[in-house]
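Heads up: the structure comes next, in structure tokens.
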Protein chains: 2
Amino acid sequence: MFELDVRSRVPIYEQLVEKIKELIIKGLLKEHEQLPSVRALSNDLTINPNTIQKAYRELENQGYIYSIPGKGSFVAPLKDKDINKEKIEKILEEIKKLMLEGFHLGMNREDIIKVLEDVVKIKEGK
Amino acid sequence: MFELDVRSRVPIYEQLVEKIKELIIKGLLKEHEQLPSVRALSNDLTINPNTIQKAYRELENQGYIYSIPGKGSFVAPLKDKDINKEKIEKILEEIKKLMLEGFHLGMNREDIIKVLEDVVKIKEGK
DNA sequence: TAACTGTATTATTTTATTTAGTACAGTTAT
DNA sequence: ATAACTGTACTAAATAAAATAATACAGTTA
């Protein structure tokens with residue numbers, strides 16, 4: 001299900017959070033779909049269950065999943081845009097920073113437009 | 001000169017790298033301009049000189065500054081676009097990931113365009 | 001010469017991450 | 001109801017990363 005780099009400088013639980021977020025965002029995991037259990041994923045990746053749980057806790061905090069004790073962990077339904085306003089602002093800030101860095105290195109306006117259209121297409125394809 | 005959060009989860013030296021990159025990218029530090037010495041900045045921020053040096057080494061590795069033993073550290077001149085091609089690709093990848101996340105949260109195409117035009121203006125203003 | 005520069009090294013402390021082992025309570029299917 | 005699942009919590013230990021401390025050396029500059 002995932003490929004993790006155990007000797008990366010970025011913590012395993014963070015890598016997990018990123019990977020799962022990606023699957024949810026790309027629609028490969030749909031609303032209310034069940035995620036692998038903590039123990040199952042722990043076995044599958046040969047990573048300590050505590051590390052998996054830490055990732056799941058983080059995903060729950062960020063609103064990407066919800067967990068029901070005894071039942072399992074599931075993909076959370078999308079929230080209203082207004083509720084995500086702050087998060088969107090932060091993301092736009094990050095994008096701005098990356099754009100500035102990119103332009104400094106010689107990136108073009110068109111490079112961004114291309115990526116944007118690319119993303120819009122992916123989004124429409126769902 | 002800087003504001004660092006010593007109790008942030010992100011390492012001090014990384015924060016330093018980001019801050020200085022930002023100053024260079026925004027043009028507040030110009031080519032061949034001298035940076036504060038390792039010891040001066042260490043004193044100023046009350047942070048260990050080794051930590052400062054680690055940040056400077058990282059900035060040098062990334063091509064943002066160059067250092068001359070005995071003289072000081074200076075803002076590196078811009079490199080050719082071709083040389084930065086790989087870096088630009090990575091930045092575009094990151095931007096794409098952020099765009100996907102943003103759209104998932106309800107961000108609009110126009111939000112991006114606005115930021116893009118904003119950045120283009122800043123770039124032209126130099 | 002004195003006071004600066006960057007750089008290097010070793011040791012120590014502190015903090016973050018990961019693993020290990022165990023436990024408890026709710027759920028599900030046999 | 002029993003067995004096998006679920007999430008969650010906790011403590012302890014091991015490992016890795018980050019930061020500090022204390023020196024030292026060689027080049028630069030006034």
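Just so we're on the same page: letters track the sequence lines, and every chain starts at 1. All values reported here derive from a predicted model rather than from experimental measurement. All values below come from the heavy atoms of this structure, side chains included, with hydrogens, waters and symmetry mates left out.
Of the two residues near DNA chain C, B/Ser73 and A/Pro69, the one whose nearest nucleotide lies more 5' is B/Ser73. In terms of position along DNA chain D, the nucleotide closest to A/Gly72 lies nearer the 5' end than the nucleotide closest to the other residue of the pair A/Gly72 and A/Asn50. Place A/Ile68 and A/Arg7 on DNA chain D by their nearest nucleotides, and A/Ile68 ends up nearer the 5' end.
Applying the Watson-Crick and G-U wobble criteria (two distances, each under 3.5 Å), D/dA30 pairs with C/dT1. Base pairing of D/dA22: its partner is C/dT9, meeting the Watson-Crick or G-U wobble criterion (both donor-acceptor distances under 3.5 Å).
Among the protein residues, A/Glu60 comes within range of the sugar-phosphate backbone only, with heavy atoms under 4.0 Å from sugar or phosphate atoms but none that close to a base.
Between A/Glu117 and B/Arg109, at least one side-chain N (NZ, or NE/NH1/NH2) sits under 4.0 Å from a carboxylate O, which counts as a salt bridge.
If you measure from atom OH of B/Tyr56 to atom C1' of C/dA8, you get 18 Å, rounded to the nearest angstrom. What separates CD of B/Gln53 from P of D/dA18 is a distance of 16 Å, to the nearest Å. Rounded to an integer number of Å, the gap from B/Asn48 CG to C/dA11 P is 17 Å. In this structure, B/Arg39 places its CZ atom 18 Å from P of C/dA2, rounding to the nearest Å. As a whole-Å value, the separation of A/Lys54 NZ from C/dT19 P is 11 Å. Summarising the geometry, the separation between CZ on B/Arg9 and C1' on C/dT17 is reported as 13 Å, rounded to the nearest angstrom. Atom CZ of A/Arg57 is separated from atom P of C/dT18 by 13 Å (rounded to the nearest Å). Atom-to-atom, CG of A/Leu4 to C1' of C/dT17 comes out at 15 Å; the value is rounded to the nearest Å.
Side chain of A/Gln34 to backbone of A/Lys71: a donor-acceptor contact under 3.5 angstrom is found. In this structure a side-chain-to-backbone donor-acceptor pair under 3.5 Å is present from B/Asn48 to B/Asn50.
Of the inter-residue distances, the one linking B/Ile52 atom CD1 with B/Tyr13 atom OH reads 13.5 Å to the nearest 0.5 angstrom.
The aromatic rings of B/His32 and B/Tyr66 sit perpendicular, their planes meeting at an angle over 60°, well past the 30° parallel limit.
Checking the phosphate oxygens (OP1, OP2) of C/dT18, no side-chain nitrogen or oxygen of A/Tyr13 falls inside 4.0 Å. Considering only side-chain N and O atoms, A/Thr51 lies nowhere under 4.0 angstrom from the phosphate OP1 or OP2 of C/dT18. Contact annotation: A/Lys71 side-chain N/O to C/dT28 OP1/OP2 distance is under 4.0 Å. Side-chain nitrogen and oxygen atoms of B/Ser37 include at least one within less than 4.0 Å of the OP1 or OP2 phosphate oxygen of C/dT5.
Proximity note for B/Ile12 (side chain, C-beta onward) versus D/dT8, D/dC25, D/dA19: the nearest is D/dA19.
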